[in-house]
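In what follows, a structure is listed as structure tokens, so that the remarks can point back to it.
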Number of protein chains: 2
Amino acid sequence: MKKQPHLTAQTKQNLIEAFWALYCEQRIEKITVKDITTKAGYNRGTFYEYFTDVYAVLEEIENALIPELDELPPVSLPTGNLGMPIDAFLALYAQNEKYYSVLLGDKGDPAFASKLKNAIKPSLMRVLSEKPGMNLTELDYIIEYTLSSMIGIMSYWFKQPEPLPGDELFKLIHRLMEQGVMKQLSV
Amino acid sequence: MKKQPHLTAQTKQNLIEAFWALYCEQRIEKITVKDITTKAGYNRGTFYEYFTDVYAVLEEIENALIPELDELPPVSLPTGNLGMPIDAFLALYAQNEKYYSVLLGDKGDPAFASKLKNAIKPSLMRVLSEKPGMNLTELDYIIEYTLSSMIGIMSYWFKQPEPLPGDELFKLIHRLMEQGVMKQLSV
DNA sequence: TAATTTCCGACAACGTGTTGTATACTGCAA
DNA sequence: TTGCAGTATACAACACGTTGTCGGAAATTA
């Protein structure tokens, strides 16, 4: 007899969605298996047919949100110059806004930011290291610096009650990356 | 009869230190009250004389690490120009390295970065908003952008097995802030 | 010695992960 | 099409560990 992929996939999805609804409101340590199954309408034991524990649900969600290599933002600018593909980052973030803003927020998972950075970093490294005379160690720090600021400002953006229009944010980030922050601040 | 402040302060400190030793190795949700008291050499019940739960210990540690207004880095540069006091940030981080690198790391507390930013932000806002024609909303985003990158790169720095020398990192950050990242990358 | 603080042992309630069981579905043979 | 066997799916009950809260014992001070 075959499995019933429809049914089980649905059950799993129901559990995931119940988990996510709870995770949006509270820290993961406060979420019990009972909370999840009650919300999803199952027996507590059923949960263990699909996940080993509460953290496994989070991990599954996170892994689905780590961009695959082929979905990664293109790293070459239209001009042919190298640089950071800001618009691609914005698009990636906006596409998964609902999840990213929670996972990267104050009640989220501190490891997720690292996962995200580590998924994006290699392809950036590969392309940007082509610049003649580029110091690889330094490049590594520059990328880390940039991804941190991108993730930071995007999370902040989504957290605002009245966010800046998207194109203004884009222009601002562009200016900061092209000219540096100091130029925007000093007299 | 008087309290015995020495004794109780010592007990509390012992509990805090036992907690921290555990927290450095594992996520907070895996730490039980029993683990802490066993490590510190007390009965489990004693813990509740000092803290309401495991999270209260972390909160106490965090609050001691949030810089007070008067310890905050000075915001005016030696030149008299406005800008980000990079060296003061580096000093602040280095001073509390042991705790910051754990709290801001992958097993740390995602809310701590926000706490830190929010503690630093007001004084930066106050000084930097003096620049004539400065847009406050924009300034807010710029500061968020900058603090994110600072925290990100510092955490990364401390995580490296063979970190860049401090002065080199300082020079790099300075260059990135003065000239922007793009200039460092594009051909 | 008396008063009070500090610490401890025991308790009920709750959450966890596992195991054995009932129900419902599927494929196949008649 | 119908009935049956086999299996997937969901459930109820179990033992165990953790939590937070008691009342009481030991230690300290005046």
Side-chain angles (χ1 to χ4, degrees), chain A residues 1-64 102 107-111, chain B residues 1-64 102 107-111:
Chain A
M1 175 194 178
K2 282 180 195 171
K3 285 196 180 185
Q4 293 151 267
H6 273 304
L7 200 64
T8 62
Q10 186 58 54
T11 302
K12 190 166 190 174
Q13 194 56 34
N14 291 339
L15 291 171
I16 289 179
E17 277 167 19
F19 166 83
W20 186 255
L22 294 166
Y23 189 68
C24 289
E25 290 166 8
Q26 57 190 320
R27 301 177 144 267
I28 189 168
E29 336 41 281
K30 299 290 171 194
I31 301 176
T32 68
V33 175
K34 192 183 175 189
D35 291 340
I36 299 172
T37 50
T38 300
K39 198 175 185 78
Y42 295 94
N43 180 279
R44 203 174 60 80
T46 303
F47 177 90
Y48 293 97
E49 305 285 336
Y50 295 91
F51 303 98
T52 60
D53 57 22
V54 177
Y55 293 91
V57 188
L58 180 64
E59 204 173 316
E60 190 137 331
I61 292 176
E62 286 187 358
N63 289 340
V102 174
K107 287 177 294 191
D109 178 7
Chain B
M1 175 191 178
K2 285 178 195 168
K3 286 196 180 185
Q4 292 150 267
H6 273 304
L7 201 64
T8 60
Q10 185 60 54
T11 302
K12 189 167 190 174
Q13 194 56 35
N14 292 339
L15 291 171
I16 289 178
E17 279 168 17
F19 166 83
W20 186 255
L22 294 166
Y23 189 68
C24 289
E25 291 166 7
Q26 56 190 319
R27 300 178 146 268
I28 190 168
E29 40 295 352
K30 297 291 172 195
I31 301 176
T32 69
V33 175
K34 192 182 177 189
D35 290 339
I36 299 173
T37 50
T38 300
K39 197 173 186 77
Y42 295 94
N43 179 280
R44 204 174 59 80
T46 303
F47 177 90
Y48 293 97
E49 304 285 334
Y50 295 91
F51 303 98
T52 59
D53 58 22
V54 177
Y55 293 90
V57 188
L58 181 63
E59 202 171 320
E60 191 137 328
I61 293 176
E62 286 187 358
N63 290 340
V102 174
K107 286 177 295 191
D109 178 9

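First the proteins, then the strands, lettered A, B, ... as listed; each starts at 1. Note: hydrogens, waters and symmetry copies are ignored here, and every other heavy atom, side chains too, is used.
Note that A:Lys12 lies outside the cation-pi zone of A:Phe47, set by a 6.0 Å cut-off to the ring centre and a 45° limit from the axis.
To the nearest angstrom, P of D:dT9 lies 13 Å from CG of A:Leu15. Distance OH (A:Tyr42) to P (D:dC11): 8 Å, rounded to an integer number of Å.
For the atom pair CD of A:Glu49 and CG of A:Asn43, the computed distance is 10.0 Å after rounding to the nearest 0.5 Å. Here the CZ atom belonging to B:Phe51 is positioned 8.5 Å from the CD1 atom belonging to B:Ile36, to the nearest 0.5 angstrom.
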Could you run down the sub-3.5 Å N/O contacts of the protein with nucleotides 17-19 of chain D?
unit_1 : atom_1 : unit_2  : atom_2 : d
D:dT19 : OP1    : B:Val33 : N      : 3.4
D:dT19 : OP2    : B:Val33 : N      : 3.3

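Using a 4.5 Å heavy-atom cutoff, the side chains of A:Asp35 and A:Lys39 are not in contact.
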Pairs of donor and acceptor atoms involving the side chains of residues 15-28 of chain B, under 3.5 Å and at least two apart or interchain, shall be tabulated with distances.
unit_1  : atom_1 : unit_2   : atom_2 : d
B:Glu17 : OE2    : B:Gln13  : NE2    : 3.4
B:Arg27 : NH1    : B:Glu29  : OE2    : 3.1
B:Arg27 : NH2    : A:Asp109 : OD1    : 3.1

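Note on A:Tyr50: a side-chain N or O is less than 4.0 Å away from OP1 or OP2 of D:dA10. Here B:Thr11 does not reach the OP1 or OP2 of C:dT6: none of its side-chain N or O atoms lies under 4.0 Å away. Phosphate proximity of C:dG9 to B:Asn43: present, with a side-chain N or O under 4.0 Å from OP1 or OP2.
No side-chain donor-acceptor contact under 3.5 Å links A:Tyr48 and A:Asp53.
Comparing B:Gly41 and A:Glu49 by the nucleotide of DNA chain C whose heavy atom lies nearest to each, the residue mapping closer to the 5' end is B:Gly41.
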